[in-house]
Amino acid sequence: MGEYQDNSLSSRVFQRIRDDILKGKYKEHDELRENTIGKELGVSRTPVREALRQLELEGLVSIIPNKGAYVTGISPKDVSDIYMIRSMLEGLCARWATENISDEQLDELDEIMLLSEFHMKREGGGSAEQMAELDSRFHAVLYEASNSRILSHLLLDFHKYVQVARETSVVSEDRARKSIREHKQLLRAIRDKDADLAEQLANEHILHVILNLRKQGYEEI
């Protein structure tokens, strides 16, 4: 039981540090001090050290012997690679979701669309953080609806890795409106059980995000 609790604690610390890196709290080349993070999270150095080793395996942290752990983070090239991979996998996910989605998941997607449109109608078009959160929820439901644990896990991780880029993408009110329209078209295709169209629309949606990010300064994408 003690070992399970220790592993669970290490996992929570890992998730917290990873989220902080992906959200931009820690920048590239920042040093991650075990003592400082341990005090901040209220844990000993051991789970922090284990978490940093896991993050090194993910390529988010570089551990230099006798010096310390430093943030590697997600480079513009990484963002580019992730979006190009997503442009292929999102279509497959939409196809499988069309075949497997439940009525409850369709209702949840409808609710997300209503909330998205509500926030867009508010003065200022809703915050980038709100729109990014609703975008994440929309895609997370689709990933779950694909009925593929492997594909869902892969796409959820990719979604987290490009979190800062996604918030940059939806900060434009025009792009946010287009994104909502694209989501509605995709949802309609899924409701109509048109897997071919759903796959095409999902792939095009990611390609439109890529084009928008290039306009926002992500030149390597």
Side-chain angles (χ1 to χ4, degrees), residues 1-90 92-93 96 128-129 132-169 206 209-210 213 218 220-221:
M1 183 67 176
E3 182 181 354
Y4 172 79
Q5 290 177 330
D6 184 58
N7 288 338
S8 178
L9 178 60
S10 176
S11 176
R12 291 198 300 271
V13 172
F14 163 77
Q15 292 291 343
R16 172 64 181 274
I17 300 174
R18 183 171 76 158
D19 286 347
D20 285 344
I21 291 173
L22 297 178
K23 288 177 181 176
K25 176 180 177 179
Y26 298 120
K27 308 299 183 185
E28 187 177 5
H29 305 308
D30 280 356
E31 184 176 3
L32 300 172
R33 298 179 183 274
E34 294 175 8
N35 279 335
T36 303
I37 295 174
K39 289 178 181 177
E40 180 183 341
L41 301 182
V43 299
S44 68
R45 293 176 59 182
T46 301
V48 176
R49 188 179 304 117
E50 292 172 354
L52 293 176
R53 287 172 181 159
Q54 285 182 273
L55 289 164
E56 185 178 36
L57 292 175
E58 287 209 1
L60 295 176
V61 167
S62 175
I63 298 177
I64 302 175
N66 302 318
K67 289 195 68 176
Y70 297 86
V71 175
T72 303
I74 299 294
S75 70
K77 175 64 164 56
D78 294 330
V79 173
S80 174
D81 290 346
I82 287 171
Y83 270 107
M84 290 309 297
I85 295 169
R86 280 187 64 194
S87 72
M88 303 175 203
L89 293 183
E90 292 274 355
L92 176 62
C93 177
W96 286 354
E129 186 176 350
E133 173 62 26
L134 289 167
D135 177 82
S136 292
R137 285 178 58 190
F138 183 90
H139 285 278
V141 175
L142 281 186
Y143 300 161
E144 182 183 0
S146 73
N147 200 32
S148 170
R149 183 173 57 87
I150 300 299
L151 183 59
S152 177
H153 179 75
L154 185 62
L155 286 172
L156 280 172
D157 268 354
F158 280 164
H159 216 61
K160 291 176 183 176
Y161 289 162
V162 293
Q163 183 167 336
V164 173
R166 286 192 302 104
E167 289 184 7
T168 299
S169 177
I206 300 301
V209 174
I210 292 172
L213 285 170
Y218 281 79
E220 292 194 31
I221 296 180

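When atom types are taken as modelled, the side chain of S146 and the backbone of Y143 share a donor-acceptor pair closer than 3.5 angstrom. A donor-acceptor pair under 3.5 Å is formed between the side chain of D78 and the backbone N or O of S75.
Partner D20 forms a salt bridge (Lys or Arg N to Asp or Glu O under 4.0 Å) with one of K23, R18, R16 and no other, that one being R16.
More than 12 heavy-atom neighbours from other residues, nucleotides or ligands sit within 6.0 angstrom of NZ on K25. In R33, the CZ atom is not crowded: 12 or fewer heavy atoms of neighbouring residues, nucleotides or ligands sit closer than 6.0 Å.
Residues S44 and V48 come closest through the heavy atom pair O-CG2, 3.6 Å. The two residues V13 and A51 have their closest heavy-atom pair at CG1-CB, 3.8 Å. In terms of heavy-atom proximity, A69 sits nearest to L52 at CB-CD1, 3.9 Å. In this structure, P47 and L9 approach most closely via the heavy-atom pair CG-CD2, 3.9 Å. Counting all heavy atoms, side chain and backbone alike, L142 lies closest to C93 at O-SG, 3.5 Å.
In this structure, the separation between CE on M84 and CG on L89 is 11.5 Å, given to the nearest 0.5 Å. With rounding to the nearest 0.5 angstrom, the OH atom of Y161 is 10.5 Å from the CD1 atom of I21. The distance from the CD atom of E56 to the CD1 atom of I64 is 9.5 Å, given to the nearest 0.5 Å. For the atom pair I206 CD1 and I85 CD1, the distance stands at 12.5 Å (nearest 0.5 Å). In this structure, the separation between CD on Q15 and CD on Q54 is 8.5 Å, given to the nearest 0.5 Å. The line from CG of L41 to CD1 of I17 is 6.5 Å long, rounded to the nearest 0.5 Å.
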**Prompt:** Would L155 and E90 satisfy side chain to side chain contact (heavy atoms under 4.5 Å, CB included), going step by step from the backbone distance to the final call?
**Reply:** CA-CA 8 Å; L155 286 172; E90 292 274 355; 4.1 Å; yes
**Request:** Apply side chain to side chain contact (heavy atoms under 4.5 Å, CB included) to the pair T46 and E50, showing each step before the final yes or no.
**Result:** CA-CA 6 Å; T46 301; E50 292 172 354; 3.7 Å; yes
**Item:** Residue pair V162, R86: steps toward the side chain to side chain contact (heavy atoms under 4.5 Å, CB included) verdict
**Value:** CA-CA 11 Å; V162 293; R86 280 187 64 194; 4.1 Å; yes
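For the residue pair E31/Y26, the side-chain donor-acceptor check at 3.5 Å is not satisfied.
Between H159 and H139, the two ring planes are tilted [angle within 30° to 60°].
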